[in-house]
Structure formats: structure tokens, C-alpha cells
Amino acid sequence: MLEAVGERVLRAPKELLYALGFMVEIVRNIPAYFQMQRRGGGGGVLKMQILFTGVNALSIVAVLSLAIGAVIIIQGLSILPQLGQGQLIYTILIAVITRELGPILTAFIVIARSGTAISTELGGMVVDHQIEAYMATGLNPITYLAVPRVLGVVISLVLLNIYFNFFGLVGSFLVTQLVQPLALEEYLFGLYGSVTLRDFVASFAKSIIFGMIIGSVATYQGLSVERAGTEVPIRAIKAVGQGITLTVIANAAITLVSYL
Amino acid sequence: MKFRIRFATQIVGAFTILAVVFVIVLMVAIGRGQGWFEPRYEYSTELSSASGLNIGMSVDFRGFEVGRVTNITLNEDNNVDVTFNIRERYIHLVTKGSLVELASNPILGGTLVLHRGTRSSEPLEQFSVIPEWNSDIGRAIREVGFVERSQPPDPISTLLAELDPLLNSISEILGSTELILDTLAGTLDGTVTEGPIAETVTQVLSLLATVEARLEQTESLLAGSDDLLVSVNRIADNAAAASDEFRDPAGIVPRLLGASGTLATLFDDDNVLFDEILDIFTSINATLDELNEVARFAGSQTPQFAAIIEEGREAIIVGQDVLTGLRNNPLLRGGIPERIDQPSNVESFREAQF
């Protein structure tokens, strides 16, 4: 037992370094991917990844952001004016929708939908020896398989975050009209006064970093399958767990840095 | 083929373009609302403190944001130089006589309030210094009426401004009390010997020592008066014995008045013996008068001595309590310990029946 624990402890840093090296390898292969795309290959993978990860997740993101935005506005408008702080609703809305929940919730949705899908797909390809076939034909699996998926996740997350903000800030206003009518000018004026460029920069930065983390973890776990088909679901579960953990840690770190 | 797969490129393109358009529209709208693309004119002011001030704080006029604070620095006079800008559309509010005021409180945050000058309608040149509302120049401008207040003072700030001196006073009083208690404790411990409090305590201690010495002297005096009373009693006993002798039929009277008695002899010696006896009686009379005086004095002073002793004893007890209380000050130690009262048998001089 002691030996097993010792082996795990000694293996953990090696695996972490290997994963970091994998992420660096993905970033290093991005120019190679675009070169390959210019030559007419690999473009379909990126397009389909954005379709599956971004477009197909739009409905759930829209519903989620509408509901959360409406709840924040309704609760804020009923509580904050009693404290003489009605204007704070816009600051809270920006902080919650744009800075915090937008990036992190879209990231969770993408982890649950696409993180598992990518790791399962790549794991299946390893089991079916498709990766070996790509290598045999001279295609780098990182360039051809991992990079477009990671890029697709990053682009999808950024776009989904924008839609989350759209539905959260604008759509929730429409929902609020059904419960507690509010003049559009008043709403926009309050919003303009509260939002800053830093809020958007922080939000987009989070989306890009979360996308890199989710895509890298999912492809890494998928390509880590060795030979058995039973390893595939195990790697998919690991991709979800590690993706969520690393995303939450990165979120806290970026929030901390943006407020310094 | 499924529609989404078939038109994947178009769907992804629309998905991307819509998001980008939304971002651009939002940025332009926010930029226009916040005046990102609008020229701004820079001014400065000098404040006594940067408390409640921060870079990016809004400059307000009647509740509207007309500009923002861009820089805060401490100058050579230890005052705070504040640089702020005013949006072009509000530049007409910055005229000769304009003042700025920092309205800041910890609950609602703060703003730099712009008060419009009424002396001229021409805007001030860029980089001009606009005086602060409570500065000397600001007061002078207000007195001559060259400025109109753009918004009433913040009630919380006003309240805090009034509360601040009060809290400072309380803080000073607490500081002084702590110093006094420290000095008292130090004096009682003997570590502090200088200063008015230490001198007062020292004087009280020396006064108590003097009272104690006086009481000891009074006690010794009273002990002497007991001996005196014993002597007087002895004399009185002798006088009683003499009186019994006079009443005895075979006593001194027959011996004196008989034929061969002392008086006969006395009358036959040319008054020599009589004169001697007369001298003796005169001396005895004088002695008795003195004794009478002493006895009367002792009798009249005894209750007073007793009362003085009792009062002195109580004064010492109270003095001990005060000293113990100071040593065991409630803020420093454990307070005044309970004392078991010992009632005196001596009746107070004031309670004496006349």
C-alpha cells in the first residue's frame, strides 16, 4: 500500500508536467494547423467543433442566462431600493452576468457537453487504432485532431459568453417587463454607467483561458486511452472532473488579478 | 443529410457574426454613453486629503457624470493635487468662479462635485486650477456669491463631519484617562515620581502618615491621663479617710480640742504652730485647687479624645480603602476588596447625651 501511495505521489508531478507539455504542444501546433487549413485540410474539424460546442449549446445558454438575469433584476429591484441603493442593480448585473457567471457557466456547460464528447471520441479513435493510422500517413494527431478541437472550444466559449451576456443583459430586461415594468432608457442608462471596458476584457480573458483548459484536458484525456474500450468512459469522467477543477481555480485567479 | 450538418458553415458563420455584431453594438453604445470617443478637457484642484478619493471617481454636476478623476498626487506642500477631466458636452459648466467639492462617505462612496461659477459664462481654459469648496479661495468666492451650489451636501457626509470631532474628543478623554491611571499605578508602584498627579498622591500619602503619627501621640496622651486619674482617686481615698477620722469621737477632734490637745498647745505657743498649720492648709488648698482643675479638664476631654481616636481610626480605614482601590483600580486590577466592619464600643462624641 505504501509503495502504491508513493508511486502515485511521485507520478503526479510527472503527469502534471506532461499535461502542461501537451498544452504547450497544442499552442505550438496552432500555426501548423492554419497552414494545413490553407492547403485545404482540417477546416471541417474546427467548423464542426464550433457547431457542436457553440451552436448546439446556444439554447441551454440562452435559457440559463435569461433566467438568471431576470432573477437578478427582479430581486435587485425589490430589495435594493429599500436600502436606497437601487443603482447598484446594474453593478451587480454586470458583476454577476458579465464578469462571473457568464464565463464560468458557459464553461461548465461546455465541459459537460463537449469535454466528455471530445475525450470519448478521441479515446475511441485510439482504441480503433485510428491515431496510429493518421501517424502512419504522416499526419500529426496533435495538429490534425487536438488543435482544431481546442480552438473550436475556445471560439465557442467566447461566442457563447457573448450570447450569455446578450440574453442575460438584454433578454432579461424583456422578461422583467412582464413582472416589473422598467423604462428601456433608464435600464440602458444605468447599464452604461456601470459597465467598464475592464469587465469585458476580464470576461473574454476568462473565456479564452477556460476554453484552452477544457479543450486541452479533454483531448489529453482522450489521447491518454491506451488500448481497452473500458478506459474511454474513465477518461471522460476524468476530463470532466479535471476540467471543472482547473476552470474554477483559473476563474478565482483571473478574478483576483483583475481586481488588483 | 441533417440540416445543421449540411449548412454547418453558414450556421457557424451566422453564429459568429451575430455575436461579433452584438459586441460591436454594445461597445459603441457603452462608449457613446460613457463618452469614450468624446474629447475631454483637463483641469486640476488641490485638496487637503485624498481620503475617499480614487482614480476613476466620477465628477458630478446635479447628479450627472460630467467627467472623471484621472490622477491623484501628493504635492510639496503635503496637499493632494487632483487632476480630472470634463466631457466636451459639459465644458460650459466649468466657468470662472467654479468650485469643486469632495462628497465622500463610507456608505454611499464618493464623487467630486462640480459647482458652476456665475461670474462669467465663458468656459475656463484647459489645465486651469479650480479651487476646492472649503479652501480659502473657495470661501472667498462663495462669500461674494460667484458660485451656485449644484447639489445639497450629502447628509451622511455632514453627519460624519459633525461626528468626527466628537469622536476625536472622546478619544482624547480616553487617552487622558488612561494616562492618569497609568501615572496613578506608577506612583503607587513607585516607578513614577514626577508630575502633578504623582505629587498629589505623594502628598496624600504623607498627610495620612502625619495623621497616623498624631493619632499615636493622642493615644499616648490618653495613656498618661489614666495615670493621672489613678493619682486623683488615691487622693480622694485619703480625703475620705480623713473625713472618717473627723467623725470619730475618739479621733482627731478630741485630740485637737482637749485640755492637753493640740489646739491648747497651739494657742499657748504664740501662734507659731498655728501659723505653720495655716501655711500647710494654704498649700493643701492650692494643691487641691490644681487637682480639681486637672480632674475637671481630664473629665471634660475624655469623650473628645475617644471621638478623635474613633474618627482617626475610620479615616485611616477609608484612606487604606482608597489606596487599595487605586492599587486595584477596576480598569487595571480587581477593585476594592470587601472589609468586615468592626463596630466600636466607644460612643461618638456627637451622639453624647447632654
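The sequence lines fix the lettering, A, B, ..., with proteins before strands; numbering per chain opens at 1. What you see is a predicted model, and the numbers here were worked out from it, not measured in a lab.
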S.K.: Please classify the contact of A:Leu58 with chain B as side chain, backbone, both or neither, using a heavy-atom distance under 4.5 Å.
M.R.: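 Answer is side chain: those atoms of A:Leu58 sit under 4.5 Å from chain B.
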S.K.: Counting only heavy atoms from other residues, nucleotides and ligands, does the tally under 6.0 Å from CD1 of A:Ile142 exceed 12?
M.R.: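 More than 12 heavy atoms, drawn from other residues, nucleotides or ligands, come within 6.0 Å of this atom.
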S.K.: Might you point out which heavy atoms bring A:Leu51 and B:Ala8 nearest each other, and give the distance in Å?
M.R.: CD2-CB, 3.9 Å
S.K.: Using the salt bridge (charged side-chain N to carboxylate O under 4.0 Å, His left out) criterion, which residues pair with B:Arg87? Sequence neighbours excluded.
M.R.: B:Glu38
S.K.: Can you tell me how far apart CZ (B:Phe15) and CG (A:Leu159) are? Round to the nearest 0.5 Å.
M.R.: 5.0 Å
S.K.: For A:Val170, is it the side chain, the backbone, both, or neither that has a heavy atom closer than 4.5 Å to a heavy atom of chain B?
M.R.: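 Only the side chain of A:Val170 comes within 4.5 Å of chain B.
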S.K.: Identify the residues of residues 20-31 of chain B whose heavy atoms come closer than 4.5 Å to a heavy atom of chain A, ordered by number, or report 'none'.
M.R.: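 Heavy-atom contacts from residues 20-31 of chain B to chain A are B:Phe22, B:Val23, B:Leu26, B:Met27, B:Ala29, B:Ile30.
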S.K.: Contact part of A:Phe204 toward chain B, heavy-atom cut-off under 4.5 Å: side chain, backbone, both or neither?
M.R.: side chain
S.K.: Below 4.5 Å from any heavy atom of chain B, which atoms of A:Tyr163 appear? Answer side chain, backbone, both or neither.
M.R.: side chain
S.K.: Hey, what do you get for CD1 (B:Ile11) to CD1 (A:Ile50), rounding to the nearest 0.5 Å?
M.R.: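 B:Ile11 atom CD1 to A:Ile50 atom CD1 measures 12.5 Å (nearest 0.5 Å).
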S.K.: Around A:Ile30, counting heavy atoms of other residues, nucleotides and ligands shown, do more than 12 lie under 6.0 Å from its CD1?
M.R.: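 Enclosed.
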S.K.: Using non-hydrogen atoms only, which part of A:Asn161 is less than 4.5 Å away from chain B: side chain, backbone, both, or neither?
M.R.: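 Answer is neither: A:Asn161 stays 4.5 Å or more from chain B.
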S.K.: What do you reckon, is CD of B:Glu125 surrounded by more than 12 foreign heavy atoms closer than 6.0 Å?
M.R.: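 No, the 6.0 Å shell around CD holds no more than 12 heavy atoms from other groups.
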